[in-house]
Novice: 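Let me begin by handing over the structure; questions about it come next.
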Amino acid sequence: MPFSTNVIRLLEDIEPSLRKVLIAILEEIERQREETVTRKEFLEFARHTDENFQKVWKSIHELAEAQKRTERRVDELAEAQKRTEARVEELAEAQKKTEQRVDSLAQKVEELAEAQKKTEQRVDSLAQKVEELAEAQKKTEEEIRRLARGLKNTREMVAGLSDSVGYTLEDRIFPYIREFVLKEYGVKAKILDRRNIIYPDGGFDEANIYVEGRRNGEKVYVIGECKARPGKKDIKKFNEAIKRIKAHLGGKVEAFFVGYYYSPEIEKYLRDKHPEIMAMKSFEFELKYGKKA
């Protein structure tokens, strides 16, 4: 059955399955119209047909619009579906990367735990070594204290021996002191002694040989020190003592040093630094001043 151009154009925009139904309805309407025999009936049928056609036309138009809206909505949904799928893919990729990072982090945590374990082992080993070192240090300190006590005893023994040697020298030369001070210093001895010179503050200096006498009517003190092998330290110590004795006694003070032996260095040191201190060798007293006191 032929249709108008408008109907054909409208039907082309409709979804195929719906278009098939509408064509069947239109063909049925046309068939019924052809079977009408009377003009009146035909006119009445035509009126109803036209009304029905208008309704159908309106419905077709509404269906076509609805179809367009549906297609647009389907397109929108399809686009949204694409975006959703893309987002899901992005999320899946992000999840995959997250899982990879988590796996990497887990591996690093395991490595860190292993490193921590090794560090703790090294710390334990170091702590043990520190304890061993502390114990060794304790033993070393005890040994040092023992050696210090031994050294102190040795020094005391050496000091005692040195004093003994010094006292031996003093005893050997004492018989010659009067003649010595008279010939060397022009002093006529009145007092010969081994004396502690005590200061007001309670301190004191020991004078191994103490001579008190007069020279040309002036009071003079002659102070001597005896060491087997004098060193710089001995001479410096004696020189400081002479300064204190001079300040305390207030008179003229002469000083001399007696030794078994002087090294060349000490002889030079006495000549250059302390020419005021006479250096004597113990054997010289008997040779030079053989007259007994």
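What you see is a predicted model, and the numbers here were worked out from it, not measured in a lab.
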Novice: Does any N or O in the side chain of D201 come within less than 3.5 Å of the main-chain N or O of G203, such that one atom is a donor and the other an acceptor?
Specialist: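 Looks like yes, one N/O pair under 3.5 Å.
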
Novice: Any idea which heavy atoms bring L169 and S282 closest together, and the distance?
Specialist: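 The pair with the smallest heavy-atom distance is CD2-CB, 3.4 Å.
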
Novice: Looking at K273, I'd like to know if its NZ atom is crowded, meaning that more than 12 non-hydrogen atoms belonging to other residues, nucleotides or ligands lie closer than 6.0 Å.
Specialist: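 For K273, atom NZ is not crowded (no more than 12 foreign heavy atoms under 6.0 Å).
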
Novice: Report yes if some heavy atom in the side chain of V211 is under 4.5 Å from a heavy atom in the side chain of Y185; otherwise report no.
Specialist: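 No, every pair of side-chain atoms sits at 4.5 Å or beyond.
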
Novice: Crowded around N216 CG? As in, over 12 foreign heavy atoms under 6.0 Å?
Specialist: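 Count not over threshold, so no.
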
Novice: Would a line drawn from the ring center of F180 to the ring center of F256 be shorter than 6.0 Å?
Specialist: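 Yes - the distance between ring centres of F180 and F256 falls below the 6.0 Å cut-off.
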
Novice: Return the set of residues passing side-chain contact (heavy atoms from CB on, under 4.5 Å) with K243 (not counting sequence neighbours), or none when no residue passes.
Specialist: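 Applying side-chain contact (heavy atoms from CB on, under 4.5 Å) to K243 gives N239, E240.
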
Novice: Going by side-chain hydrogen bond (donor to acceptor under 3.5 Å, both in side chains), Q116 matches just one of E114, E120, K118. Which one?
Specialist: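 It is E120; the other options fail the test.
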
Novice: Kindly determine whether F257 and M278 satisfy side chain to side chain contact (heavy atoms under 4.5 Å, CB included), including the steps that lead there.
Specialist: CA-CA 6 Å; F257 215 106; M278 182 182 291; over 6 Å; no

Novice: Return the minimal non-hydrogen interatomic distance between D193 and F174, and the atom names on each side.
Specialist: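 D193 and F174 have their closest heavy atoms at O-CZ, 3.6 Å.
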
Novice: Kindly indicate whether the side chain of H274, heavy atoms from C-beta on, has any atom under 4.5 Å from the side chain of I235.
Specialist: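 Answer yes - side chains close enough.
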
Novice: Is it true that R72 and E76 make a salt bridge, defined as a side-chain N closer than 4.0 Å to a carboxylate O?
Specialist: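 Salt bridge absent between R72 and E76.
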
Novice: Contact between E286 and Y176 at the side-chain level, heavy atoms closer than 4.5 Å - yes or no?
Specialist: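 Answer yes - side chains close enough.
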
Novice: Of the non-hydrogen atoms in I266 and P230, which two are nearest, and what is the gap between them?
Specialist: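 It is CG1-O, 3.6 Å.
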
Novice: Is any side-chain heavy atom of R229 closer than 4.5 Å to one of S263?
Specialist: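 When only atoms from C-beta onward are counted, R229 and S263 do not touch, as no gap falls below 4.5 Å.
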
Novice: In sequence, state the C-alpha distance, the side-chain angles, and the governing distance for E143 and K139, and then conclude on salt bridge (charged side-chain N to carboxylate O under 4.0 Å, His left out).
Specialist: CA-CA 6 Å; E143 183 65 18; K139 292 179 180 178; over 6 Å; no

Novice: Got a salt bridge between K246 and E254, using NZ or NE/NH1/NH2 to carboxylate O under 4.0 Å?
Specialist: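 Result for this pair is no, no salt bridge flagged.
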
Novice: Is R178 reaching over with its side chain to a backbone N or O of K188, donor-acceptor style, under 3.5 angstrom?
Specialist: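 Not at all, since once roles are kept as given, no pair shorter than 3.5 Å links the two residues.
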
Novice: Is the backbone of E218 close enough, under 3.5 Å, to the side chain of R215 for a donor and an acceptor to pair up by distance?
Specialist: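 Such a contact is absent between R215 side chain and E218 backbone.
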
Novice: With heavy-atom distances below 4.5 Å as the criterion, would you say the side chains of I223 and I245 are in contact?
Specialist: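 Touching, per the 4.5 Å side-chain cut-off.
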
Novice: State yes or no: are the ring centers of Y199 and F204 separated by less than 6.0 Å?
Specialist: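 No, the ring centres sit 6.0 Å or more apart.
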
Novice: For the side chain to side chain contact (heavy atoms under 4.5 Å, CB included) test, which of H248, E206, R244 pairs with I197?
Specialist: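 The single option meeting the side chain to side chain contact (heavy atoms under 4.5 Å, CB included) with I197 is H248.
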
Novice: Measure the shortest side-chain to side-chain distance between R194 and Y210 over non-hydrogen atoms and say whether it is less than 4.5 angstrom.
Specialist: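 No, side chains not in contact.
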
Novice: Between Y289 and E284, is there a side-chain donor-acceptor contact under 3.5 Å, judged purely by atom types and distance?
Specialist: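 E284 vs Y289: no donor-acceptor pair found between side chains.
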
Novice: Within the 3.5 Å criterion, strictly below it, is a donor on Y269 or E267 matched to an acceptor on the partner's side chain?
Specialist: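 Side-chain D/A pair, Y269 to E267: absent.
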
Novice: Any side-chain heavy atom of F238 within less than 4.5 Å of one from I277?
Specialist: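 Yes, close enough: below the 4.5 Å cut-off.
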
Novice: Determine whether E265 and K232 make a side-chain contact, defined as any pair of heavy atoms from C-beta on separated by less than 4.5 Å.
Specialist: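 Contact flag for E265/K232 side chains = yes.
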
